[in-house]
Amino acid sequence: MIDFSALWGFTVIVGLLTLTPGLDTALILRTAALGRRRRAWGVVLGIQAGTLTWGVFTSLGVTALLTASHLAYTILRWAGAAYLVWMGGRMVWSARRRRAGAAASDSDHGAGQAEIGERNTVRGGWRQGTLTNLLNPKVGAFYVAVLPQFLPAGSSHLAMGVLLAGVHVVLGALWSSLLIGCARMLRDVLRRESARRVLDRVTGTVIGAFGIRLALSD
């Protein structure tokens, strides 16, 4: 039987978490603002797939083993930090390269459009979103700390855990759709190469900072 009080309490908590600006927000906004709408939706689907996976793992007790093992948690933390720093650094480096070739602005604009077309795929975005979520052990730690409190005694932990994680997924998808819609309004501004470089530098720095903070966190 579904405990609606637990369902409502969990919805409030993850709703506030979803609205809090963070790594997912930066990644979705940057991808959508560059006009890569299919890839942006791929990122959203990947992030939500990772969220659902964490929910299932927590319901099965796998995530508790991860957070209880200092070595396993440290390995995942460093892997996640390395991935975020690499992804952020690549964005910043890409912005610098485009600035170096800004003299041929017309040809660069055409190349940029081709680059967007090549990378604007749901599959590529899904892979990026999934890795970003699953390599963040703090998401797992959050689920270990919060989810068990909303699993009623006598209920199927797996079924209830999947239901609660599904609520988180739905809220995340709704919020992400709003972010993508808002980002589309910036497309005219971001047609200028200088604006694209600024966006990549800012987003890359933010993502890299998340990675460094993850690496230095205890």
**Asked** Mind checking whether Thr132 and Asn136 have side chains closer than 4.5 Å, heavy atoms only?
**Response** no

**Message:** Between Val14 and Phe142, does the side chain to side chain contact (heavy atoms under 4.5 Å, CB included) criterion hold? Intermediate values first, please.
**Reply:** CA-CA 10 Å; Val14 296; Phe142 167 79; 4.2 Å; yes

**Prompt:** Given the rule that I, L, V, M, F, W and Y join up when any side-chain heavy atoms are under 4.5 Å apart, are Leu27 and Leu178 in one cluster?
**Reply:** yes

**Request:** Search all heavy atoms of Gly172 against all heavy atoms of Ser176 and return the closest pair with its distance.
**Result:** O-OG, 2.7 Å

**Message:** So does Arg38 get a backbone contact from the side chain of Asn120, meaning a donor-acceptor N/O pair under 3.5 Å?
**Reply:** yes

**Asked** Does Asp200 offer a backbone N or O that forms a donor-acceptor pair with the side chain of Thr203 under 3.5 Å?
**Response** no

**Request:** Check the pair Leu164, Leu151 against side chain to side chain contact (heavy atoms under 4.5 Å, CB included), reporting the backbone distance first and the verdict last.
**Result:** CA-CA 9 Å; Leu164 294 176; Leu151 299 178; 4.1 Å; yes

**Prompt:** So how far is it from Thr121 OG1 to Trp41 CH2, rounded to the nearest 0.5 Å?
**Reply:** 16.0 Å

**Item:** Test log, rule side chain to side chain contact (heavy atoms under 4.5 Å, CB included), inputs Leu84 and Leu135
**Value:** CA-CA 9 Å; Leu84 292 179; Leu135 290 179; over 6 Å; no

**Message:** I'd like to know if Leu23 and Trp86 are part of one continuous hydrophobic network [Ile/Leu/Val/Met/Phe/Trp/Tyr, side-chain heavy atoms within less than 4.5 Å].
**Reply:** yes

**Request:** Please tell me if the side chains of Leu147 and Trp54 come closer than 4.5 Å, counting only heavy atoms from C-beta onward.
**Result:** no

**Fill in**
Only one of Met91, Arg30, Arg90 passes side chain to side chain contact (heavy atoms under 4.5 Å, CB included) with Ile207, and that residue is Met91

**Message:** In this structure, would Leu16 and Trp8 fall into the same cluster of hydrophobic residues linked by side-chain contacts under 4.5 Å?
**Reply:** yes

**Asked** Do you know which two heavy atoms are closest between Gln128 and Val43, and how far apart they sit?
**Response** OE1-CG2, 3.8 Å

**Prompt:** Atom CG in Leu171, atom CD1 in Ile13: separation rounded to 0.5 Å?
**Reply:** 12.0 Å

**Complete:** Heavy-atom nearest pair, Ile28 first then Ala40, reads O-CB, 4.5 Å

**Message:** Do Val92 and Val198 land in one hydrophobic cluster if side-chain heavy atoms of ILVMFWY residues count as linked below 4.5 Å?
**Reply:** no

**Request:** To the nearest 0.5 Å, tell me how far Thr130 OG1 sits from Ile47 CD1.
**Result:** 8.5 Å

**Minimum-distance pair of heavy atoms, taken over all atoms of Ser59 and Gly161** = OG-CA, 3.1 Å

**CH2 (Trp126) with more than 12 external heavy atoms under 6.0 Å** = no

**Message:** Could you report the tightest heavy-atom contact between Ala183 and Leu29, atom names first, then the distance?
**Reply:** CB-O, 3.9 Å

**Asked** Say you draw a straight line from CZ of Arg123 to CG of Leu45; how long is it, rounded to the nearest 0.5 Å?
**Response** 14.5 Å

**Request:** Indicate if Val167 and Tyr143 have the same hydrophobic cluster label, given that clusters are the connected sets of ILVMFWY residues with side-chain heavy-atom separations under 4.5 angstrom.
**Result:** yes

**Prompt:** For the atom pair OG1 (Thr25) and CG (Leu19), what is the distance rounded to the nearest 0.5 Å?
**Reply:** 9.0 Å

**Asked** Looking only at heavy atoms, what is the nearest atom pair of Phe150 and Ala6, with distance?
**Response** CD2-O, 3.2 Å

**Asked** What orientation do Phe10 and His168 show, parallel under 30°, tilted 30 to 60°, or perpendicular over 60°?
**Response** perpendicular

**Request:** Mind checking the CH2-CG spacing from Trp175 to Leu17? Nearest 0.5 Å is all I need.
**Result:** 12.5 Å

